[in-house]
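Just below is one structure, and these are the notes that go with it.
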Amino acid sequence: MTAETSQKLKNAQQEHAELSNQLHRHNYLYHSLDKPEISDAEYDKLMQRLLQLEKNFPQLVSSESPSQRVGSTPLDSFPQAIHASPMLSLENAFGPEDLREFDTRLKRFLARDKAIEYLCEMKLDGVAVALTYENGQLVRGATRGDGTSGEEITQNVRTIGAIPLRLQNDYPQQLEVRGEIYMELEAFRKMNEQRREEGETTFANPRNVTAGSLRQLDSKLTASRPLTISCYGVGAISDSKPRSHSELLASLRRWGLKVNLETVKVAADIEQVIERYQELQELRDQLPFEIDGMVVKVNSRTLQQELGEKSRTPRWAIACKFPPRQETTLLESVRYQVGRTGAITPVANLHPVNVSGVIVSSASLHNWDEIERLGIKIGDTVIVERAGDVIPDIVKVITEKRTGNEQEIPEPSECPACGSPVLREADAVVPRCQGLSCPAQLKESLKHFCSRGAMDIEGLGDRLIDQLLRLELVKSVADLYRLEKEQLFQFERMGDKLAEKLLTAIDASKQRPLERFLFGLGIRHVGSHLAKVLSRQFGSLDALAAVNRDQLLATHEIGPQVAESVTRFFADPSNLRVLKELKQFGVAPLATEQLRGDKLSGKVFVFTGALERFSRKEGESLVEAEGARASGSVSKKTDYVVAGPGAGSKLAKAEQLGLTVLSEEEFLELIGKES
Ligand code: IVH
């Protein structure tokens, strides 16, 4: 090695170490403390630089590099992992009476009258894991399995941003920490929405997709899922002797692990536990994640030891379950929805039923794998469940109620919208309409192109798009820019002023940034995030249209599936024709960097209530485009709360904390959209 290369390597090592430290720190601030100091874009920039260094100097890559969160080489199978001590489960209680009985039992066992201090934690509905840290470094992640041994899923847990790759402060040399990996409801909703946009099938509920994501042999897939964790205990710990469970949780947080400490409550006696149980049941609907009960633990570690455990459950803890938000109803029929990419999704028409205050009359059946898994038929009596604010779900069929008249749910052989043949590819879970001019697909594509996250053409909603199609004024997105005022007068309730406004909005969309335009084109597998990645990497539409598969694959976050889809899109003569027309009409998208203002950089927004001017997702895209971030829950770290009609507890909390509350109009004004 020449002196010059040796110096270069040294510089790279130093920069790499500094970048790693910065990334670890920002990761902790963002995931564990929900207190980010930089915007997502700034974080991405640091990460890009780190990846660049590691590409030039592969010797810098280590298992604790922040780059390792993107996933690594797929495995053939998961090795077995034996737990430091058994991963126990919990006995169940179902209400105040059971809790009092639990308390009495413990006092009898301990032969004491004095009140026992308890710790009340939420019972998260996710997947239990054990994480092993040696000398502060994450060396292993494992599933619970049968309690004694599980599967080693280290590569997968490494991809989860909320799991530190190394501990900080006064961490113990040996630690096996336990926690629940889960997905927040908002992230789940967003992910499903994005999958829908990308023409993928949607997932049934956060718990299923969490379990599925952790069981992926290809950790890149896990990396793409918005998972998080909450730690609630330890299996083994050296050096440290916390006196109480609450002290242990505080230590875990200090060592950099994520603990939902704010929701943990110390109760002086069982009556306070019961109060908290009732409080949590009321809070349940407003939480950003799904919980199915409360876990009650004896707080003193000495008492815990004294109480010990039975064969599979500790004596010192109990899970007090909430009544399920489930009802029984009849699946009357099934309808089919055709998406933008032709994917045909089955939707159950249910006999309307009141599920804890909400009338439920339909539920997505997602796909034919799900139909098969549930073994569901038309005419079946089913159990529907509401989880948070997620669309209701059919969880089970009551086969005992069958009369013999139930019918299989047919897979359509032709498109319900255009009658074209449908095709279900070998590994696909839904059939797709093959019609080139399917009106349902065209309608969904137009709606997508005009939506706020894409070209943001105000006023061009469902109703107008329907009319444009009915009058055959629009056959592709380019035709929107061909529209003239007189043509619009053919529409119902369209006056001069409204027509003028619409044309101005269409005209204004010509200046949208490249990422929004790319997203609006609806290239398969390219959702808003990847549109941003492509825009940042290639800078212009012409540059992107000219790239080949290898150049795409060399881009961070772009895999073979996306590369294939992008090249196919730009190789299609009819797509090129539309793009050429758009260009002729003056649609001139530029990369965001040239446009973005940073007045809201790093700010945190929370949207609440029934928003009327834009959807929650659109609001999120708007703030993200300004370098800010949207969060699901209100805290001291929130900068703005945007409240629509009917806003409840989040608004109350915002007011209590003295945060800035904006109406939808004020919000639009703040981000520079006219109100
Ligand atoms: S404590 C020895 N705390 O519920 C204590 N468990 O059957 C064992 N869970 O497998 C668990 N939130 O996956 C504990 N705050 C919490 C929890 C929790 C969810 C899950 C965990 C466990 C199951 C209990």
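Ligands are counted one by one from 1 in listed order, and the atoms in each one are counted from 1 as well.
Heavy atoms of M122 approach ligand 1 to within less than 4.0 angstrom. Taking 4.0 Å as the cut-off, A319 does not count as a neighbour of ligand 1 on heavy-atom distance.
Atom CD of E282 sits in a sparse spot, with 12 or fewer heavy atoms from other residues, nucleotides or ligands closer than 6.0 Å. More than 12 non-hydrogen atoms from other residues, nucleotides or ligands lie less than 6.0 angstrom from CD of E306. Within a 6.0 Å radius of NZ in K401, other residues, nucleotides and ligands contribute 12 heavy atoms or fewer. Residue R243 places its CZ atom among 12 or fewer non-hydrogen atoms of other residues, nucleotides or ligands, all under 6.0 Å distant. Heavy-atom contacts from other residues, nucleotides or ligands closer than 6.0 Å to CD of Q168 number more than 12.
The protein atom (non-hydrogen) at minimum distance from atom 12 (N) of ligand 1 is L124 N, 3.3 Å. Atom 13 (O) of ligand 1 has as its closest protein heavy atom E180 OE1, 2.5 Å. At the top of the distance list for atom 5 (C) of ligand 1, counting protein heavy atoms only, stands L90 CD2, 3.9 Å. In this structure, the protein non-hydrogen atom closest to atom 15 (N) of ligand 1 is E121 OE1, 2.7 Å. Protein heavy atom at the shortest distance from atom 2 (C) of ligand 1 is P314 CG, 3.5 Å. Annotation: atom 22 (C) of ligand 1 to nearest protein heavy atom, Y232 OH, 4.0 Å. Closest to atom 8 (C) of ligand 1 among all protein heavy atoms lies L88 O, 3.7 Å.
With a 4.0 Å cut-off on non-hydrogen atoms, K123 touches ligand 1 through its backbone as well as its side chain.
Between E385 and R207 there is no salt bridge, since no side-chain nitrogen of the basic residue lies less than 4.0 Å from a carboxylate oxygen of the acidic one.
When each of R315, R105, K321 is checked for a salt bridge (Lys or Arg N to Asp or Glu O under 4.0 Å) with E91, only R105 meets the rule.
Considering backbone and side-chain atoms together, K297 places an N or O closer than 3.5 Å to an N or O of ligand 1. For ligand 1, none of its N or O atoms has an N or O atom of S89 under 3.5 Å away. For a threshold of 3.5 Å applied to N or O pairs, the pair formed by V295 and ligand 1 contains no separation below that value.
Remark: F289 pairs with Y182 by the ring-ring contact (aromatic ring centres under 6.0 Å, His included) rule, at least two apart or across chains. Under the rule for a side chain to side chain contact (heavy atoms under 4.5 Å, CB included), the partners of Q286 that lie at least two apart in sequence or sit in another chain are L283, S649.
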